[in-house]
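All values below were derived from every heavy atom in this structure, side-chain atoms included, with hydrogens, water molecules and symmetry-related copies excluded.
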Number of protein chains: 2
Amino acid sequence: MMSDLLTERDAWSMANCSIARTLEIVGTRAALLIMREAFFGTRRFDDFAKRVGIGEPAASARLKELTAAGLLERVPYQEPGQRTRYAYQLTDKGRDFLPVLVALRQWGDTWAADEQGPAVVVRHKDCGAAVHAVLRCDDGHDVQLGDSFVDAGPGLIRVGPDRPEPGGE
Amino acid sequence: MMSDLLTERDAWSMANCSIARTLEIVGTRAALLIMREAFFGTRRFDDFAKRVGIGEPAASARLKELTAAGLLERVPYQEPGQRTRYAYQLTDKGRDFLPVLVALRQWGDTWAADEQGPAVVVRHKDCGAAVHAVLRCDDGHDVQLGDSFVDAGPGLIRVGPDRPEPGGE
DNA sequence: TAGCTGGCTTCAGTAAACATAAGTCAGCTA
DNA sequence: TAGCTGACTTATGTTTACTGAAGCCAGCTA
């Protein structure tokens, strides 16, 4: 679980952290639940507010952020006898967020589940079996928990020396 | 991406939602970044505050919540010539959260990346190849984006009728 | 025993994310 | 043209998550 890199954790900066940068966009409860709803198929403003359980101003703010960030797009639609309206729908960028939601749901199902079982299940279109998020390496191996370690990437910013962590693994 | 269930989305309640329940525990930016640091090997109070970039009161509050929720545990340790101190370390419940962080990092690497590439890479212990979160169904098939749909689970609470979503897929 | 240090807690204030309620506006229907 | 509806926006207030600075306590070292 640990590499030598971690013994010099203070030697690198988190200024360039993909997790932190992702959370700048979807770091609120409401934004993540709006993404959940978008995957459930919700498209209309009022429905987002109602189904996420937030007020309209909050829905407006979060939808605007997610649209500006490119996870959702406003597309015009027209129902017969109605004027043109706009629906919020997932872009490719937004659709690619599904693994995060599946992983969150999966953790909740495992560790914070209701007695009655999960409310919703994501299924594979082809076979109908339940879908899970799993870890896999580029060589194609399944990666079990504890079988991975954190390494420096090309964008790592080093800033100074470090002291060792207590205990060790 | 959509099932017939979604055309009756208002017929089910999200009172029993694993994603929402998970976000009750780790729904803040600081809590998620503390979990990131825990996987990086950080164990001491001051280091969490410094490396996450939050104040000590915020670190204290979030660490207390994560400990109470069982993702972290306070374990005593003693360095030579020092008194007994406590370190925060991941429990099984906390370690099982890794796929969420991998998925978040992966999305950030893809869609909000720095020009220089990612700061850190998670690697497989056995082969050193980079680790990714992928979706797989219980029948063992890889699930591509768009090849899944949302279905009712046993814990679904139905509440009333619905109106159709605009547009359709 | 007097400091020093790590690991917090307390205090006071700010900022962000929310709530509720009311208002606006476009354009279809009557 | 007058109302109605969906989709917002605006106004105001509350709650939650933070910040910085200071204080406290245990126990090791001098």
Side-chain angles (χ1 to χ4, degrees), chain A residues 9-10 20 23-35 37-38 42-69 72-89 162-167, chain B residues 9-10 20 23-35 37-38 42-69 72-89 162-167:
Chain A
R9 166 63 183 84
D10 277 334
L23 294 177
E24 301 283 319
I25 299 169
V26 287
T28 68
R29 212 181 106 84
L32 286 164
L33 292 178
I34 282 177
M35 288 305 291
E37 280 307 320
T42 299
R43 299 167 136 253
R44 307 212 302 209
F45 180 87
D46 281 9
D47 287 338
F48 276 109
K50 183 180 50 175
R51 295 170 184 176
V52 170
I54 58 179
E56 288 172 359
S60 177
R62 262 7 96 214
L63 284 169
K64 215 165 270 181
E65 286 167 10
L66 290 169
T67 304
L72 300 177
E73 60 186 350
R74 264 166 56 100
V75 295
Y77 72 94
Q78 191 156 21
E79 284 172 5
Q82 299 280 323
R83 64 181 164 132
T84 301
R85 301 195 178 284
Y86 291 89
Y88 296 87
Q89 72 174 28
D162 194 28
R163 58 179 170 181
E165 293 301 324
Chain B
R9 168 61 184 85
D10 277 334
L23 294 178
E24 300 284 317
I25 299 169
V26 289
T28 68
R29 210 183 106 85
L32 286 164
L33 292 178
I34 282 177
M35 290 304 292
E37 280 306 319
T42 299
R43 298 167 135 253
R44 308 212 301 208
F45 180 86
D46 281 10
D47 287 338
F48 276 110
K50 184 180 50 174
R51 294 169 184 177
V52 170
I54 58 179
E56 288 172 358
S60 178
R62 261 10 95 212
L63 283 169
K64 216 164 268 178
E65 285 169 10
L66 291 170
T67 304
L72 299 176
E73 59 187 348
R74 262 164 57 98
V75 295
Y77 72 93
Q78 190 157 23
E79 283 173 5
Q82 298 279 324
R83 65 180 164 135
T84 302
R85 301 192 178 286
Y86 291 89
Y88 296 88
Q89 73 174 26
D162 193 29
R163 59 178 169 180
E165 293 300 326

- When we call it a touch if two heavy atoms are under 4.0 Å apart, what does B:Arg29 touch: a base, just sugar-phosphate, or nothing? nothing
- Taking the side chain as C-beta and beyond, is there a heavy-atom pair between A:Leu33 and A:Arg29 under 4.5 Å? yes
- Is the phosphate of C:dC8, meaning OP1 or OP2, less than 4.0 Å from a side-chain N or O of B:Arg74? yes
- Shortest side-chain distance from A:Tyr77, nucleotide among D:dA7, C:dA17, D:dC18: D:dA7
- Item | Candidate nucleotides D:dC18, D:dG20, C:dT9, ranked by approach to the side chain of B:Pro57 - the nearest | D:dG20
- Message: Nearest 0.5 angstrom please: B:Asp47 CG to B:Lys50 NZ, how far?
- Response: 5.0 Å
- Does B:Ser60 or A:Ala31 map to a spot on DNA chain C nearer the 5' end, using the closest nucleotide for each? B:Ser60
- Item | Sugar-phosphate, base or nothing in reach of A:Ala30, heavy atoms under 4.0 Å | sugar-phosphate
- Rounded to the nearest 0.5 Å, the OH atom of B:Tyr88 sits from the CZ atom of B:Phe45 at a distance of 6.5 Å
- Item | Atom-pair distance (CG on B:Leu63; P on C:dG6), nearest Å | 17 Å
- Message: Just to be sure I understand the rule, does B:Tyr88 reach a base, reach only the sugar-phosphate, or reach nothing, if contact means heavy atoms closer than 4.0 Å?
- Response: sugar-phosphate
- Whole-Å distance separating the CD1 atom of A:Ile34 from the P atom of C:dA17: 12 Å
Output side-chain donor-acceptor pairs under 3.5 Å for residues 52-62 of chain A, partner residues at least two apart or in another chain, one line each.
| unit_1 | atom_1 | unit_2 | atom_2 | d |
| --- | --- | --- | --- | --- |
| A:Arg62 | NH1 | A:Glu65 | OE1 | 3.1 |
| A:Arg62 | NH1 | A:Glu65 | OE2 | 2.6 |

- Rounded to the nearest Å, what distance is computed from the CG atom of residue B:Leu72 to the C1' atom of nucleotide C:dC8? 16 Å
- Note on the structure: Separation of D:dA17 atom C1' from B:Glu24 atom CD, nearest Å, is 15 Å
- Task: Output yes when at least one side-chain N/O atom of A:Lys64 is less than 4.0 Å from OP1 or OP2 of D:dC8, else no.
- Result: no
- From CZ of A:Arg85 across to P of D:dA7 the rounded distance in Å is 5 Å
- Note on the structure: From the candidates D:dA7, D:dT19, C:dC18, the one with an atom nearest any side-chain atom of A:Phe45 is D:dA7
- Rounded to the nearest 0.5 Å, how far apart are CG of A:Leu23 and OG1 of B:Thr28? 9.5 Å
- Query: In whole angstroms, how far is the C1' atom of D:dT19 from the NZ atom of B:Lys50?
  - Reply: 19 Å
- Can you tell me how far P of D:dT9 sits from CG of A:Asp46, to the nearest Å? 12 Å
- Item | Nucleotide of C:dA19, C:dC8, D:dT19 approaching B:Ile54 most closely (side-chain heavy atoms) | D:dT19
- If you check the A:Arg62 side chain, which of D:dC18, C:dC18, D:dA7 turns out closest? C:dC18
- Message: Rounding to an integer number of Å, can you tell me how far B:Glu56 CD sits from C:dT5 C1'?
- Response: 13 Å
- Task: May I ask you to say what B:Gly53 touches in the nucleic acid, namely base, sugar-phosphate or nothing, with a heavy-atom cut-off under 4.0 Å?
- Result: sugar-phosphate
